[in-house]
Every structure is written in C-alpha cells, then in structure tokens.
Enquirer: 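If you scroll down you'll find the structure; I have some questions about it.
These figures come from a predicted structure and were not determined experimentally.
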Amino acid sequence: MMNMKGIWTKQTLINLLLGQFLSLLITSTGFLSSELARKGINAPTSQSFLNYVLLALFYGVFMIYRQEGIKAKWYFYILLGIVDVEANFLVVKAYQYTSLTSVMLLDCWAIPCVLLFTWFFLKTKYRPRKLVGVAICIAGIVLVIFSDVHAEDRSSGSNPIKGDILVIAGATLYAVSNVSEEFFVKSADMVELMAFLGLFGAIVSGCQIGILERNELKSIHWSAGAALPFVGFALAMFLFYSFVPVLLKRSGATMLNLALLTSDMWAVVIRIFVYHQKVDWIYFVAFAAVAVGLLIYSGRDKVDKNVADEGIVRSKRFDEETGLDNPARKDATESSRTEENRQSFDAETVPGIYGR
C-alpha cells in the first residue's frame with residue numbers, strides 16, 4: 001500500500017492527465033489531416049505554417065515584454081526549426097498514402113529513438129526491463145507493417161508501404177525534436193523555445209511552401225469544408241506545442257512519447273465510428289503488444305521511483321541527524337553555538353552583564 005501511495009501521487013496523476021490531453025490533440029490533428037487528404041488537399045507544409053506563426057506571435061510577445069536575454073544559441077533554434085518542420089511534413093504527407101491507424105501506430109517508432117538519443121546525448125540511464133518493454137512496442141510496429149504489406153483491402157491508402165516509410169522517417173525526426181526540446185526546456189526557457197521554434201519554423205515552412213506547394217495552394221478551392229480543417233489543425237497543433245514543453249520539463253521526452261501511445265486507441269475509434277471501416281485483426285494484436293510493452297516500461301518506472309524515494313528518505317534522515325540537510329540551518333546552529341560560547345565566556349568574565 002505504501003508503494004502504491006508513493007507511485008500514484010498528485011504529480012503522477014497530473015502527468016497522466018496532461019499526457020492524455022496531448023494524446024487527444026495529436027489524434028485530432030491526425031483526423032483533420034486525413035480529412036484534408038480525403039478532399040484531395042495535399043499541402044502538408046502549409047498545414048503547419050499557421051501553427052508556427054501563432055507560436056511566434058504569441059510567445060514572441062511574451063519575450064519582448066520580459067526583455068530578457070537569450071539563454072541558448074539562436075542558431076540551435078534554426079536547426080530545431082528545420083527538423084520540426086520536416087518531421088511534420090513527412091508525417092502529414094504520409095496520410096496521402098496510408099491509413100490513419102497506420103500513421104498513429106507507426107509513430108511509436110519515436111520511442112526507441114528517444115531512448116537512444118536521451119541515453120547518448122542527455123546521459124539518461126535506462127534499466128534492462130525498460131528496454132524489454134520498448135522491444136515489445138517495436139514488435140507491435142512490425143505487426144502493423146506486416147499488415148499493410150499483406151492487406152487485401154487497399155482502400156485505406158494508395159501506397160501503404162510508402163506511407164509507412166514516411167511515417168517512420170518523420171517519427172525519427174520527431175524524436176530528435178522532442179529530445180532537443182527537453183534539453184532546451186530544462187537548460188534554457190520554455191517561452192524562448194516556443195518563440196524561436198515558431199519564428200524559424202514559419203520561415204522554413206514559408207520557403208518550403210514557395211518551392212513545393214505553391215501550385216497546390218493555387219489549385220485549392222477555398223470553401224468552408226477546406227478552410228475549417230486547416231484552421232482546426234493549426235489550433236490543435238498550437239495547443240499541442242504549447243503543452244508539450246510542460247510535460248517534457250515534468251517527465252521528459254520518453255514519458256511524452258509513451259503517453260502518446262494512447263492516441264492509437266483514439267485513432268481506431270475514429271476509423272470504426274467515423275469512417276465506418278473494418279480494422280484488420282492484426283491491429284488489435286499490435287495494440288496488445290504496445291499495451292504490454294507500456295505496462296512493462298511503466299512498472300519499471302514505479303520500482304525505480306520507490307527506490308529513489310527510499311534513498312531520498314534515508315538521505316534526509318541522515319542529514320537531519322548530522323545537521324547537514326540545510327546549510328543555512330547548519331550555519332545558524334554553528335552561529336548559535338558560537339554565540340552561546342561567547343556569552344558563557346562573557347558571563348564568566350563580566351558577571352553583572354547576564355545577571356550572575
């Protein structure tokens with residue numbers, strides 16, 4: 001019982017709720033991208049452009065108001081902007097070739113990439129049991145690819161294999177972006193990160209639109225049915241980008257990607273109840289594999305947290321016994337003892353001062 005109380009803390013519940021909120025947002029962006037693809041609108045960079053503009057305007061105003069110096073090198077934000085734009089481009093482009101469910105499931109590839117990048121660059125330590133959980137998640141990804149290769153019904157996409165490759169490439173870049181954002185959030189500042197990501201993301205997106213999507217935008221018949229998904233996508237992405245740094249600072253990039261695994265469940269619900277499509281039974285096996293892998297990974301986290309908490313308790317007890325848990329209190333104690341010694345000395349040498 002004590003272990004469960006230590007695990008299900010208020011902070012843990014907040015992280016879980018925040019993760020599910022982000023999961024719903026990313027599912028809604030996938031749904032809107034799929035709707036645009038069904039309408040024949042293939043402008044992935046243009047979909048993300050408005051989101052970057054909103055980030056630059058909203059957080060840029062905060063930066064100007066605060067009048068604080070830049071905490072990280074600005075050219076690192078340029079690289080982050082390029083990576084993030086291309087990640088969005090590849091994943092949104094994939095909706096033209098494969099199904100919504102496949103895109104949401106193959107996003108799981110970002111998890112092992114995040115583990116590798118955080119271990120190599122951020123020096124995060126992972127126990128073997130965590131890696132087992134990730135391996136089972138990857139097994140679920142392999143099942144999805146196998147399903148797309150051997151599926152008899154190709155109505156879910158014009159070229160599922162090409163779509164799968166695009167998603168995996170985009171997921172890899174997402175991992176790079178998430179780990180970089182975790183680093184900037186913890187070492188620099190969230191407002192600064194969002195402002196510069198929006199600024200350079202908008203610049204890169206604008207250049208790419210002019211090169212790749214200029215003719216596509218001209219050919220779009222702008223009606224309410226076409227404009228609303230564009231605007232809805234931008235707003236959902238803006239909220240997603242705004243809350244991602246919060247979860248990254250609280251739990252890290254790995255927890256973020258694990259929380260987004262539940263977006264697969266929402267994607268299947270949309271496919272069944274909105275599109276009225278049949279889902280291949282292999283998808284359900286893949287869901288089970290991902291769920292088992294997630295449980296194994298989370299279980300290891302619980303053990304690690306309990307061990308860490310016990311270590312903190314032991315450390316605090318030791319510090320309290322030795323008087324080292326608070327340097328200020330230690331200094332005050334030593335100062336008090338010095339004062340008592342001085343007063344005792346003065347009382348002995350000048351008895352009338354202290355009533356002796």
Enquirer: Spell out, yes or no, whether L193 and Y75 are grouped together once hydrophobic residues are joined by side-chain heavy atoms under 4.5 Å, including indirect joins.
Expert: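 Yes; tracing contacts between hydrophobic side chains, which count when under 4.5 Å, links both residues.
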Enquirer: Can you pull the salt bridge (charged side-chain N to carboxylate O under 4.0 Å, His left out) pairs that have at least one residue in residues 28-46, sequence neighbours excluded?
Expert: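 Sorted pair list: E35-R38.
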Enquirer: Nearest heavy-atom pair of C113 and A175: which atoms, and what distance?
Expert: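 Heavy atoms of C113 and A175 come nearest at CB-CB, 3.4 Å.
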Enquirer: Given side-chain contact (heavy atoms from CB on, under 4.5 Å), test S33 with F233 step by step and report yes or no.
Expert: CA-CA 7 Å; S33 295; F233 180 91; 3.1 Å; yes
Enquirer: Do F120 and L80 land in one hydrophobic cluster if side-chain heavy atoms of ILVMFWY residues count as linked below 4.5 Å?
Expert: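 Shared cluster, yes.
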Enquirer: Run the side-chain donor-acceptor check on residues 195-208: report pairs under 3.5 Å with partners two or more places apart or on a different chain.
Expert:
unit_1	atom_1	unit_2	atom_2	d
S205	OG	G201	O	2.7
Q208	NE2	T45	OG1	2.9

Enquirer: Of all the heavy-atom pairs spanning L248 and L256, show the shortest one and how long it is.
Expert: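 So the minimum-distance heavy-atom pair works out to CD2-CD2, 3.8 Å.
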Enquirer: Rounded to the nearest 0.5 Å, how far does CD of Q47 lie from CG of L32?
Expert: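 Reported value, rounded in 0.5 Å steps: 8.5 Å.
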Enquirer: So F240 and L22, do their side chains get closer than 4.5 Å, heavy atoms only?
Expert: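 When only atoms from C-beta onward are counted, F240 and L22 do touch, with a gap below 4.5 Å.
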Enquirer: Quick one: does V83's side chain get under 4.5 Å of S180's, heavy atoms only?
Expert: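 Answer no - side chains too far apart.
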Enquirer: Working to the nearest 0.5 Å, report the span between CG of L54 and CG of L239.
Expert: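 Rounded to the nearest 0.5 Å, the CG-CG separation comes to 9.5 Å.
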Enquirer: Determine whether F121 and L131 fall in the same hydrophobic cluster, where Ile, Leu, Val, Met, Phe, Trp and Tyr are linked whenever their side-chain heavy atoms lie under 4.5 Å apart.
Expert: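 Yes, it is one cluster - the side chains of F121 and L131 are joined through contacts under 4.5 Å.
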Enquirer: Enumerate the ring-ring contact (aromatic ring centres under 6.0 Å, His included) contacts for residues 170-189, please, sequence neighbours excluded, ordered by first and then second residue.
Expert: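 Output for this query lists Y77-F184.
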Enquirer: How would you list all residue pairs meeting side-chain hydrogen bond (donor to acceptor under 3.5 Å, both in side chains) that involve residues 54-63, not counting sequence neighbours?
Expert: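 Of all non-adjacent pairs touching residues 54-63, those that pass side-chain hydrogen bond (donor to acceptor under 3.5 Å, both in side chains) are Y59-S242.
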Enquirer: Does the side chain of P44 reach to within under 4.5 Å of the side chain of Q96, using non-hydrogen atoms?
Expert: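 With C-beta onward as the side chain, the pair touches.
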Enquirer: Determine the minimum heavy-atom distance between A94 and G163, stating which atoms define it.
Expert: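 Looks like CB-O, 3.5 Å.
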Enquirer: Restricting to pairs with a member in residues 223-233, which pass side-chain hydrogen bond (donor to acceptor under 3.5 Å, both in side chains), not counting sequence neighbours?
Expert: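 Residue pairs with at least one partner in residues 223-233: there are none.
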Enquirer: I need the T27 OG1 to Q20 CD distance, nearest 0.5 Å.
Expert: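 Rounded to the nearest 0.5 Å, the OG1-CD separation comes out at 9.0 Å.
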Enquirer: The criterion is side chain to side chain donor-acceptor pair (under 3.5 Å); which residues satisfy it with Y52, sequence neighbours excluded?
Expert: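 For Y52, the residues satisfying side chain to side chain donor-acceptor pair (under 3.5 Å) (neighbours in sequence not counted) are D84, N88.
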Enquirer: If I take atom CZ from residue F62 and atom CE from residue M190, how far apart are they, to the nearest 0.5 angstrom?
Expert: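 The distance works out to 9.5 Å.
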Enquirer: Which pairs with one or both residues in residues 185-205 pass salt bridge (charged side-chain N to carboxylate O under 4.0 Å, His left out), sequence neighbours excluded?
Expert: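 Checked against salt bridge (charged side-chain N to carboxylate O under 4.0 Å, His left out) - neighbours excluded - the pairs reaching residues 185-205 are R66-D189, E182-K186.
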Enquirer: Got a sec, which hydrophobics cluster with L217, joining ILVMFWY side chains under 4.5 Å apart, including via others?
Expert: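 Result for L217 is L36, I41, F49, V53, L57, I209, I220, W222, F230.
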Enquirer: Applying salt bridge (charged side-chain N to carboxylate O under 4.0 Å, His left out), which residue pairs with at least one partner in residues 211-235 are found, sequence neighbours left out?
Expert: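 Every candidate salt bridge (charged side-chain N to carboxylate O under 4.0 Å, His left out) pair involving residues 211-235 fails, so no pair, neighbours aside, qualifies.
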Enquirer: Does any pair with a residue in residues 18-45 pass ring-ring contact (aromatic ring centres under 6.0 Å, His included), and if so which ones, sequence neighbours excluded?
Expert: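 Of all non-adjacent pairs touching residues 18-45, those that pass ring-ring contact (aromatic ring centres under 6.0 Å, His included) are F21-F243.
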Enquirer: Which residue pairs pass the side-chain hydrogen bond (donor to acceptor under 3.5 Å, both in side chains) test when at least one of the two sits in residues 109-121, sequence neighbours left out?
Expert: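 Every side-chain hydrogen bond (donor to acceptor under 3.5 Å, both in side chains) pair that includes a residue of residues 109-121, provided the two are not neighbours, is W109-T172, T118-Y126.
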Enquirer: Taking all non-hydrogen atoms of both residues, which atom of L50 and which atom of A234 are closest, and how far apart?
Expert: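 Smallest heavy-atom distance, with atoms named: CD2-CB, 3.5 Å.
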Enquirer: State whether the side chain of N51 and the backbone N or O of F238 hold a donor-acceptor pair below 3.5 Å, judged by distance alone.
Expert: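 Yes, N51 side chain to F238 backbone: donor-acceptor pair under 3.5 Å.
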Enquirer: With sequence neighbours excluded, tell me which residues meet side chain to side chain contact (heavy atoms under 4.5 Å, CB included) with V231.
Expert: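 Testing V231 for side chain to side chain contact (heavy atoms under 4.5 Å, CB included), a comparison that skips the adjacent residues, returns L235.
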Enquirer: Going from CG on L166 to CG on N159, what distance comes out if it is rounded to the nearest 0.5 angstrom?
Expert: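 L166 atom CG to N159 atom CG measures 9.0 Å (nearest 0.5 Å).
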Enquirer: For A171 versus V91, what's the shortest heavy-atom pair and its separation?
Expert: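 The answer is N-CG2, 4.4 Å.
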